[in-house]
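Computed over heavy atoms, backbone and side chain alike; hydrogens, waters and symmetry mates excluded. Just so we're on the same page: letters track the sequence lines, and every chain starts at 1.
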Amino acid sequence: MSVRVRFAPSPTGALHIGGARTALFNWLYARHCGGVFVLRIEDTDEARNTPEAIQIILDSLKWLGLDWDEGPLSSDPDGPGLGEHGPYFQSRRDHIYRKYIHRLLDAKMAYAKDGAIRFRMDRNPVTIHDRIVGEVERKLTDREALDPDFVIVRSDGRPVFHLVNVIDDIEMGITHVIRGEDHLTNTARHIRLYDAFGVKPPEFAHIPLILNPNGSKMSKSEEGASMNEYMDGGFLPEAVNNFLSLLGWSPGNDDEILPVDEIVRRYDLDGIHRSNARFDMNKLVWMNGEYIHKADAATLVRGCLPFLEADQPGASSYPEEYIAKALEVCREKVKTFAEMPQFARFFFMKRISFSEEETGGQLTPAVLPVIKAVHDGLEKAPDFSVETVAATLSQVAADLGVKPGKVMSPARLAITGQKAGPGVHELIHILGREQVLTNLRDALDWIQSGQ
RNA sequence: GACCCUAUCGUCUAGCGGUUAGGACAUCGGCCUUUCACGCCGGUAACCCGGGUUCGAAUCCCGGUAGGGUCGCCA
């Protein structure tokens, strides 16, 4: 039988990092097995669900590259979907649930009380066979022992999660339920529901949770908890996928930077851990840097442009080739695209704004002669190739009788207004004669005007 | 309160009866260097505790402790 897995989010806001990982693990397993990945929207809680939230979930999954074989094509519950098991919005499947509820009622396995419908739950322990956790014998808790039955249809007629989740998984032919460990103890109820419907339960695989750095449950408001932070924060989806796949799963050796197709190839339920993992933004940022350093030029430009434009309005209207060259010499310095402006902003400034803070107090009258010499040297340079610029600056240092460093550092400060940045020769070459000389004259003026 | 899961450096992890307990992030030194990074070299740093089983336990069993999860007319 071919593998069919699903991701069934409830659209109550941004996609949580834990949800994204659950989706990823399901997708990975489907792709590894050549199975089917289903997306189902659990929008039964009308008060909390919004069309915007559905769209965000769709966008987040697309951004991560987690394509679904069956599921909605848009955030419209009545719109077209992919696959033969629709509708894929629970809010549009009520007629299906009704049939199952009647079966339960007719067989006396469920009954009405206080206007709601309750399921007669087994009082004996339920054994859960979990692919990750193993055999789990779930006994009733003290509260449950008082009244083991649970509500499956609210008094207002709306069926609850436990019921619809099971019915949909049956109807959609789900073979493996891969979900967060927070559902493990609830699985006993689900198994009894499968029994009641006379259906063999699917394989269960409960994956460990993602915790905060301090070990507590990762809540929505926590740093790094929302996928929006990565989509809008200068991250590459490949890096986020790679990082998430390693949170609770291991390929079995020390490999860490793994392209997604290799993760798909090596992915297996047996490689999933049993213990929760803490979220480490530091390592994610490092990994993102690894991906940025190897990204192709177009990806680098596309990723950085929004941040550059926000920092220096008009930046995106510079010539494409110029932007590409400017970003290329800065790429090794950043770990997220959001960090790019702090190194590359001067490339997109017609006039540099000098500040005591940015220059670290290094632009003083003492360096006036050096900057003047750099200006005059470059003004007379026959061209602005990297080689010519290098030779020119060396000559300036020689003429002044100082080490090259005594020229490079003030030159960088004067031309870029910053202490840190790409190689001086390269940045002068890319900036070009006119802009470099303008910046140098501005620097001279700024120093002479008493700063 | 009850029930369930889990336990290797600060963090993510390798290990699946015999290892100098390995790697990565972070951190601390050093090198490289015109800056900041990158890169390279090196250091600090872990088997939660207590009992067993065994010639031998990080690995298997039991107990404790700690952390997490669940017990809704939320999902």
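Listed by residue number, there are no residues of residues 387-401 of chain A with a heavy-atom contact under 4.0 Å to RNA chain B. Listed by residue number, Ser10(A) are the residues of residues 10-24 of chain A with a heavy-atom contact under 4.0 Å to RNA chain B.
Pair check for rC9(B) finds none; no Watson-Crick or G-U wobble contact set falls under 3.5 Å. Base pairing of rG63(B) is made with rC49(B), judged by Watson-Crick or G-U wobble geometry with both donor-acceptor distances under 3.5 Å. Remark: rG17(B) base-pairs with no nucleotide; criterion is Watson-Crick or G-U wobble with both hydrogen-bond distances under 3.5 Å.
With sequence neighbours excluded, the residues forming a side chain to side chain contact (heavy atoms under 4.5 Å, CB included) with Gln362(A) are Leu413(A), listed by chain and number. A search for side chain to side chain contact (heavy atoms under 4.5 Å, CB included) contacts involving Asp376(A) returns Lys372(A), Glu379(A), Lys380(A), not counting sequence neighbours. Applying the side chain to side chain contact (heavy atoms under 4.5 Å, CB included) rule to His429(A) yields the partners Lys325(A), Val386(A); only residues at least two apart in sequence or on another chain are considered. Under the rule for a side chain to side chain contact (heavy atoms under 4.5 Å, CB included), the partners of Asn26(A) that lie at least two apart in sequence or sit in another chain are Val5(A), Thr22(A), Phe37(A), Ile178(A). In this view, Asp268(A) satisfies the salt bridge (charged side-chain N to carboxylate O under 4.0 Å, His left out) rule with no residue, not counting sequence neighbours.
The base of rA75(B) has none of its N or O atoms less than 3.5 Å from a complementary donor or acceptor on the side chain of Asp182(A). Taking 3.5 Å as the limit, the base of rC73(B) and the side chain of Ser155(A) contain a donor-acceptor pair of atoms between them.
Salt bridge annotation for Arg40(A)-Glu171(A): absent, with no cationic side-chain nitrogen under 4.0 angstrom from a carboxylate oxygen. Classification of Arg158(A) and Asp156(A) as a salt-bridged pair holds, one side-chain N sitting under 4.0 Å from a carboxylate O. Between Asp255(A) and Arg266(A), at least one side-chain nitrogen of the basic residue sits less than 4.0 Å from a carboxylate oxygen of the acidic one, meeting the salt-bridge criterion.
Comparing the C1' positions of rC32(B) and rA26(B) gives an interatomic distance of 22 Å, to the nearest angstrom. Atom P of rA45(B) sits at a distance of 41 Å from the matching atom of rA2(B), rounded to the whole Å. The same atom, P, is picked in rC16(B) and in rG72(B); the two are 43 Å apart, to the nearest Å.
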All N/O pairs under 3.5 Å across the protein-nucleotides 17-20 of chain B interface:
none

For nucleotides 60-67 of chain B, give me every protein contact, N/O to N/O, under 3.5 Å, one pair per line with atom names.
none

What pairs of nitrogen or oxygen atoms, one from the protein and one from nucleotides 22-30 of chain B, lie under 3.5 Å apart?
unit_1  : atom_1 : unit_2    : atom_2 : d
rG22(B) : N2     : Asp254(A) : OD1    : 2.7
rG23(B) : O4'    : Asp254(A) : OD2    : 3.3
rA24(B) : O4'    : Glu256(A) : OE1    : 3.1
rA24(B) : O2'    : Glu256(A) : OE1    : 2.4
rA24(B) : O2'    : Lys283(A) : NZ     : 3.4
rA24(B) : N3     : Lys283(A) : NZ     : 2.9

Provide a list of protein-nucleic acid N or O atom pairs under 3.5 angstrom, restricted to nucleotides 33-36 of chain B.
unit_1  : atom_1 : unit_2    : atom_2 : d
rU34(B) : O2     : Arg412(A) : NH2    : 3.0
rU35(B) : O2'    : Lys419(A) : O      : 3.0
rU35(B) : N1     : Arg412(A) : NH2    : 3.3
rU35(B) : O2     : Gly421(A) : N      : 2.8
rU35(B) : O2     : Gly421(A) : O      : 3.2
rU35(B) : N3     : Arg412(A) : NH2    : 3.0
rU35(B) : N3     : Gly421(A) : O      : 2.7
rC36(B) : O2     : Lys333(A) : NZ     : 2.6
rC36(B) : N3     : Lys333(A) : NZ     : 2.7

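His206(A) comes within 4.0 angstrom of no nucleic acid atom, judged by non-hydrogen atoms across all strands.
For the 3.5 Å distance criterion, the side chains of Glu238(A) and Asn242(A) fail to qualify, holding no donor opposite an acceptor.
Considering only heavy atoms from C-beta on, Pro125(A) comes within 4.5 Å of Lys139(A) through its side chain.
With distances taken from any side-chain atom of Asp114(A) to the nucleotides rA14(B), rC73(B), rG69(B), the minimum falls on rC73(B).
Distance check, rounded to the nearest 0.5 Å: CG of Leu247(A) to CG of Leu209(A) gives 11.0 Å.
The phosphate of rA14(B) (OP1 or OP2) has a side-chain N or O of Ser250(A) nearer than 4.0 angstrom. Side-chain N/O atoms of Thr141(A) include none lying less than 4.0 angstrom from OP1 or OP2 on rG1(B).
Nearest-nucleotide assignment on RNA chain B puts the 5′-proximal partner with Leu140(A), out of Glu181(A) and Leu140(A).
Each side chain to side chain donor-acceptor pair (under 3.5 Å) pair with one or both residues in residues 405-415 of chain A, not counting sequence neighbours, would appear here, but there are none.
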